[in-house]
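Order of the sequence lines sets the chain letters (A, B, ...), proteins ahead of strands, with each chain counted from 1.
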Amino acid sequence: MKKLIANKEIDVNEEGYLVEFSQWTKEIGECIAGECDIKMTEKHWEVVEYIHDKYQKEEPLSIRGIKKSGVINIKEFYNLFPGGPLKKSTLIAGIPKPKSCI
Amino acid sequence: MSTKVKKMLFILSKATIENAYAAFVMANGARMEGIESEIFFTFFGLEAIQKKKLEHLHVATVGNPGMHIPTMIGGLPGMEALATKMMKKEMEKLDMPPIGEFLEILSDSGCKLWACKLAVDMFHLKEEDFIDELDGILTIGDFYNRANEEGCQLLFI
């Protein structure tokens, strides 16, 4: 379905995740973050960059991976993206929701 | 996104690796969904939070029909160690952290870890026997008080 984000028509699934990563821009990420009551800071963007990097390399995301990432520790990750950090951060980063149980 | 389950409380009473992982995966999964979670370790479950024992948990090869090996063979020396080694290898493939690292992840994720006072006394354990991430030693009454809110579920493993 279509959703108007940052004045652009974007394809999203029923949970609001972007269907086409190519449609993602920083403004769109910022807008989605706003909907989740998250104010993006430099640290948030660093995490988004890390997620994009993983996505491009087709490496699955996990909380253990975050721990080893060197970008952020788990406590900070939960603080930055409250209410389910991997779910929220991937939503903002414009990539599919991770399917892993860990 | 709102959810009806707000908090999951797990009671881990067994020391087999599959039971410990069941509790850990569910407690971690809850946190990842924005649900609060806590684990109460009691009886043999205490093995999973003792510094000296947590890396030596085994899968049960006797009395475990899921293993599909005859009980007498399951009881041979070395069988538990072998089955455990194989299971750990498979888990590593899925990027499942070892017990110690998993406990660190849980603690960092905001999952509370409690030891059962009665079982601690029964096994003559002391606070220094436990991992640093332990949040405290509670009576079952204390633990029930933590469940005393709407949207809270208790699960015995």
Side-chain angles (χ1 to χ4, degrees), chain A residues 1 3 12-18 31-38 43-44 47 50-51 53-55 57-93 95-102, chain B residues 1-8 10 17-39 48 54-55 87-113 131-135 151 155 157:
Chain A
M1 56 191 194
K3 190 181 169 189
V12 296
N13 68 13
E14 62 281 0
E15 287 184 296
Y17 287 81
L18 262 64
C31 249
I32 298 173
E35 285 173 17
C36 306
D37 291 321
I38 293 169
K43 198 75 201 167
H44 287 91
V47 174
Y50 165 79
I51 288 171
D53 184 50
K54 283 286 196 191
Y55 181 63
K57 289 180 186 154
E58 293 181 24
E59 289 173 16
L61 286 162
S62 69
I63 201 78
R64 190 187 192 192
I66 293 288
K67 188 173 191 274
K68 291 181 188 161
S69 69
V71 176
I72 191 167
N73 65 41
I74 294 176
K75 268 186 200 162
E76 268 185 289
F77 189 44
Y78 271 89
N79 285 336
L80 290 186
F81 301 95
L86 266 183
K87 267 191 343 183
K88 292 279 166 70
S89 56
T90 47
L91 180 71
I92 294 165
I95 68 157
K97 182 173 157 182
K99 284 215 173 76
S100 161
C101 289
I102 37 173
Chain B
M1 232 172 281
S2 66
T3 165
K4 277 184 190 160
V5 182
K6 293 202 176 87
K7 191 174 187 177
M8 287 295 301
F10 299 91
I17 203 162
E18 68 271 26
N19 285 295
Y21 272 100
F24 291 4
V25 170
M26 284 193 278
N28 179 57
R31 292 300 301 130
M32 305 247 296
E33 290 297 316
I35 299 167
E36 279 182 70
S37 69
E38 304 192 7
I39 308 174
L54 61 89
E55 297 298 355
M87 197 182 218
K88 281 186 175 172
K89 216 167 116 189
E90 288 304 314
M91 289 196 290
E92 185 61 43
K93 276 190 211 160
L94 292 173
D95 203 26
M96 295 250 279
I99 295 286
E101 190 189 334
F102 215 150
L103 286 163
E104 279 173 34
I105 291 175
L106 284 165
S107 175
D108 286 347
S109 304
C111 172
K112 295 260 182 279
L113 307 169
I131 51 165
D132 300 336
E133 289 83 7
L134 191 72
D135 288 286
L155 203 61
I157 300 170

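- Of the atoms belonging to B/Phe102, it is side-chain heavy atoms, and not backbone ones, that fall under 4.5 Å from chain A.
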Residues A/Arg64, B/Glu92; criterion salt bridge (Lys or Arg N to Asp or Glu O under 4.0 Å); working and verdict
CA-CA 12 Å; A/Arg64 190 187 192 192; B/Glu92 185 61 43; 3.6 Å; yes

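- A/Ser62 OG to B/Met32 CE: the interatomic distance, rounded to the nearest 0.5 Å, is 7.5 Å.
- Using a 4.0 Å cut-off between a side-chain N of Lys or Arg and a carboxylate O of Asp or Glu, A/Lys97 and B/Glu33 do not qualify as a salt bridge.
- Rounding to the nearest 0.5 Å places CG of B/Asn28 at 8.0 Å from CD1 of A/Ile74.
- For A/Lys75, the parts lying near chain B are the backbone and the side chain together; criterion is any non-hydrogen pair under 4.5 Å.
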